[in-house]
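These notes concern the structure reproduced below.
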Amino acid sequence: MPMPAYVFTLWRVGVFIAALLPLIWWGWQVANNMAGPEPGRYLLLNIGLGALWLLLFSLSLTPLTKLTRWKGCNLIRRQLGLWTLAYAVLHLTCYVLFILGLDWARLGSEIINRPYIIVGMLALLGLTALGATSNHWAMRKLGKRWKTLHKASYLILALVLLHFLWVVRADMQEWFIYALIGALLMCLRIPPISRTLPKLRQRLKQSA
C-alpha cells in the first residue's frame, strides 16, 4: 500500500527541524553564558562538528535507500546537502568573527601556521559547488556529468576528516569514530558490497 503524501511532507519538515535545533540550542547556551569562557570558539567547534554529522548523514542515504527501498531517503538528499553547506558557511563565519575578529590581515599568518584552514576551505568550495548544482536545472544541463561531479562528496569527506584531524590531534578517539563511520559508508559504495544490500533486505524481510 502506497504511503500517503503527507507522511513524506511531515518527514521533510521533521528533518528540517532536526537540523535547525542544534543551532538554536548552541545559540541559547551562548546567550545564557553556558558555553564556557570562549563562547565564540564553542560555536566554531560545535557548528563544524555539526557539518560533519550532516555530511555523514547525507552519504548514508544511498546505502539506506538500497537497504530499505524507502523513498523518504531520497526526498531529503538535497535538503541534507544544503544544510551541510549552511553549517559549513556558519563554521567559517564563526572563524572570521571570533578567531580573526574580522582582521583579514591575520589570515595570511593563520594559513601558514594552520594549514588545516586551507583544507577546510577546499572542502567548503566543494560543498558550494555541490549546493549550486543540486537543482533540476543543473541536472539537465550537466547530464551524466552531474553524477560525476557529486561523487566529489567522497573527496569532501576526506578533506573534512583531515581538517578535523588537525584540529583535535590531542584527542584521536573522537576523530577515529567519525573516520570509522566515514570508511564504512565508503565501503558500502563499493559495487560488490553495494549489490549485496538489496539481497540483505530480502533476507531480513524473510526472517521477520
Side-chain angles (χ1 to χ4, degrees), residues 1-32 34-35 39 42-94 123-124 126-139 146-147 149-154 156-157 160-161 164 174 177-189 194 197-198 200-202 204-205 208:
M1 181 178 178
M3 195 168 289
Y6 72 85
V7 173
F8 294 115
T9 300
L10 291 175
W11 165 240
R12 297 178 73 172
V13 171
V15 169
F16 181 90
I17 293 172
L20 182 62
L21 281 178
L23 296 175
I24 296 174
W25 171 246
W26 296 325
W28 183 85
Q29 286 186 308
V30 169
N32 288 275
M34 298 172 62
Y42 172 85
L43 287 176
L44 173 72
L45 295 176
N46 279 287
I47 292 175
L49 192 58
L52 175 56
W53 295 344
L54 288 164
L55 180 58
L56 290 172
F57 284 141
S58 298
L59 291 172
S60 72
L61 292 177
T62 294
L64 281 174
T65 300
K66 291 185 177 181
L67 186 60
T68 65
R69 292 188 68 184
W70 189 52
K71 295 180 180 179
C73 293
N74 279 328
L75 284 177
I76 62 169
R77 191 183 302 274
R78 180 173 181 266
Q79 184 181 169
L80 279 184
L82 292 176
W83 269 115
T84 304
L85 174 59
Y87 268 64
V89 170
L90 286 173
H91 179 63
L92 174 63
T93 303
C94 288
L124 178 58
L127 287 171
T128 302
L130 297 188
T133 56
S134 62
N135 54 73
H136 295 299
W137 181 84
M139 291 177 69
W146 186 87
K147 285 189 175 182
L149 172 63
H150 279 249
K151 286 181 180 179
S153 57
Y154 312 155
I156 292 171
L157 175 61
V160 171
L161 287 172
F164 188 35
E174 183 181 12
I177 292 171
Y178 290 113
L180 189 62
I181 295 171
L184 175 61
L185 291 174
M186 292 301 97
C187 287
L188 290 174
R189 291 170 180 271
S194 178
L197 293 178
L200 178 59
R201 184 191 69 249
Q202 290 297 331
L204 292 173
K205 187 177 180 180

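Small disclaimer: the values here were computed from a predicted structure and weren't measured.
Heavy-atom minimum distance, Met186 versus Leu59: CE-CD1, 4.1 Å. Scanning both residues, Ala88 and Ala51, for their nearest heavy atoms gives N-CB, 4.1 Å. The two residues Gly182 and Leu56 make their nearest non-hydrogen contact at CA-CD2, 3.9 Å. The two atoms that bring Arg77 and Leu61 nearest to each other are CA-CD1, 3.5 Å, heavy atoms only. Of all the heavy atoms in Leu44 and His91, the pair that sits closest is O-ND1, 2.8 Å. Across every non-hydrogen atom of Trp11 and Cys73, the tightest pair is NE1-N, 4.4 Å.
Once rounded to the nearest 0.5 Å, the distance linking CG of Leu130 with CG of Leu82 reads 10.0 Å. Here Leu23 contributes atom CG and Trp28 contributes atom CH2; the two are 16.0 Å apart, rounded to the nearest 0.5 Å. For the atom pair CG (Leu127) and CG (Leu55), the distance works out to 6.5 Å, reported to the nearest 0.5 Å. Between the CH2 atom in Trp25 and the CG atom in Leu20 there is a gap of 14.5 Å [rounded to 0.5 Å].
Two residues are said to be in side-chain contact when any heavy atoms from C-beta on lie closer than 4.5 Å; Leu124 and Leu85 meet this criterion. Using a 4.5 Å heavy-atom threshold, the side chains of Asn74 and Lys71 count as separate. Between Pro22 and Asn46 the shortest side-chain heavy-atom distance does not fall below 4.5 Å. Between Tyr178 and Leu49, the closest side-chain pair of non-hydrogen atoms falls below 4.5 Å. Within the 4.5 Å cutoff, the side chain of Leu185 has no heavy atoms near those of the Leu157 side chain. Residues Lys66 and Leu188 have side chains not in contact (no heavy-atom distance under 4.5 Å, counting atoms from C-beta outward).
Arg189 CZ: more than 12 foreign heavy atoms inside a 6.0 Å radius.
Relative ring orientation between Tyr87 and Trp83 is described as perpendicular, the plane-to-plane angle rising above 60° on a 0-90° scale split at 30° and 60°.
When the options Leu80, Ile156, Ile76 are evaluated for a side-chain contact (heavy atoms from CB on, under 4.5 Å) with Ser58, the one that passes is Leu80.
In terms of modelled atom types and a separation under 3.5 Å, the side chain of Asn32 and the main chain of Met34 share no donor-acceptor contact.
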